[in-house]
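To find a chain, count down the sequence lines: A is the first, B the second, and so on, and within it residues start at 1.
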Amino acid sequence: MKSMRLLTNCTVAAGVGGIIGWFARKNSELDNHEKHIDSFPLSKHLTKPGLPIFATVSAAVPITNNEDKDMGSKLSTNTSRISQIMKHGFPGLDNVRSFDDFVLSYDRRNRVAHWVFEHLTKERLSYNDKVDRSKCEFTADQSIHPFFRSENTDYKRSGYDRGHLAAAGNHKMEQTHMQQTFMLSNMAPQVGAGFNRDSWNRLEKYVRDLTKVYKDVYVCTGPLYLPKVEADGKKYVRYEVIGSNHVAVPTHFYKIVVGETADSKYEMQAFVMPNAVIGNDVPLQNFMVPPESVERAAGLLFFDKLSRSKLNKINGKSIKG
DNA sequence: TTTATTGT
């Protein structure tokens, strides 16, 4: 397997090889993968993504006054944008919150999102002098119960950046869109120099550049807590927690990207990067992994509603008809 | 260009 070889070239990718090995051994079970998903009753209820069929879906949309005449149109505008973002299915349904331009599922136990979902186009990423990142502020997400909420004090002097999952640079249509990405529910503790400010940023830019190739780009981003073999030969999941709220420091982060071609074919790429210093000269290709390996490690199913028969390529490799 | 923290 090509990606396996590539990963072993990257010394900091500890743990990823393990899940890929698992994937390789279980490969025969994948033949039943799609069949299994089709029979999974939840997917039948998700034919209209974005509709507030779950109480939490619209939790981040401020609805304070039932008599607000604007509410109807504002809600429907928001709902249609959420439908567009979530067109290919929800990876999971734990504590889903929708913002104006991205959707997030929150992990209360780790105080970090399970996943965030974004939809990118060239137009939406174009230069906009009305939107100013320096005016944005990191703010705690008041819609999350204080027991499970991360605070700025948790990150302060922790040694980690408040790293965006949905990147600020992906939301330049409106100042409010960008401001919403600064909600701490969209943050994870990330190694700053060498990761967030370097190779992870490089990956985010690469994903933005895919809008030059595909008219629509869908991207799902999240943390991983991967097991590692320790001295006794057993596997353990080990991660630091920071601050009084014990915000988990993920061992790795993933991005699953789908681009839609002009003739309605889809191409998928999956990346896993360790939350560690990575040299700027390491090619992004080295971090490509089979999407299934991320699904198994994260407990999520990505692009569940997108028929695998419409997938033309995975990680740049054509899929056999 | 975008990604950010610390200290004054």
## Note on the structure
Y206(A) atom OH is separated from dT3(B) atom P, nearest whole Å, by 18 Å
### Message
Students often get this wrong, so: under 4.0 angstrom with heavy atoms, is F138(A) touching a base, only sugar-phosphate, or nothing?
### Response
sugar-phosphate
### Query
Does R202(A) make a side-chain N or O approach to OP1 or OP2 of dT3(B) shorter than 4.0 Å?
no
### Summary
Atom CG of D132(A) and atom C1' of dT2(B) are separated, to the nearest Å, by 13 Å
### D161(A) with R197(A): basic N within carboxylate O range, under 4.0 Å
yes
### Query
Is there a donor and acceptor pair closer than 3.5 Å between the side chain of N196(A) and the base of dT3(B)?
no
### Query
Taking for each residue the nucleotide of DNA chain B bearing the nearest heavy atom, is the 5' side occupied by L125(A) or by D161(A)?
L125(A)
### Query
In whole Å, what is the span from the CE atom of M187(A) to the P atom of dT3(B)?
10 Å
### Task
Would you mind classifying the nucleic acid contact of A193(A) as base, sugar-phosphate or nothing, using non-hydrogen atoms under 4.0 angstrom?
nothing
### Query
Within this structure, what is the NZ-to-P distance between K156(A) and dG7(B), rounded to whole angstrom?
8 Å
#### Entry: Ion pair check, D100(A) and R81(A), cut-off under 4.0 Å
no
### Query
Atom CE of M178(A) to atom P of dT1(B): distance rounded to whole Å?
14 Å
### Message
Would you call the rings of Y206(A) and F271(A) parallel, tilted or perpendicular, taking 30° and 60° as the class edges?
### Response
perpendicular
### Task
Write down the distance between CG (D198(A)) and C1' (dT2(B)), rounded to a whole number of angstrom.
11 Å
### Task
Identify which one of K265(A), K122(A), E267(A) satisfies the side-chain hydrogen bond (donor to acceptor under 3.5 Å, both in side chains) criterion when paired with Y214(A).
E267(A)
### Query
Looking for any heavy atom pair under 4.0 Å, which part of the strands does G192(A) touch: base, sugar-phosphate only, or nothing?
nothing
### Query
Roughly, in whole Å, what's the span from CZ in F195(A) to P in dT5(B)?
14 Å
### Task
Let me know which of N152(A), N186(A), N196(A) forms a side-chain hydrogen bond (donor to acceptor under 3.5 Å, both in side chains) with R162(A).
N152(A)
### Query
Does K172(A) have a side-chain nitrogen or oxygen under 4.0 Å from the phosphate oxygens OP1 or OP2 of dT2(B)?
yes
### Query
Can you check the Y160(A) OH to dT5(B) P distance for me, whole Å?
14 Å
### Query
When we call it a touch if two heavy atoms are under 4.0 Å apart, what does Q190(A) touch: a base, just sugar-phosphate, or nothing?
nothing
### Message
For dT2(B) and R197(A) - does any side-chain N or O of the residue sit under 4.0 Å from the phosphate oxygens OP1/OP2?
### Response
no
### Message
On the side chain of K205(A), is there an atom forming a donor-acceptor pair with the base of dT1(B) - under 3.5 Å, no angle test?
### Response
yes
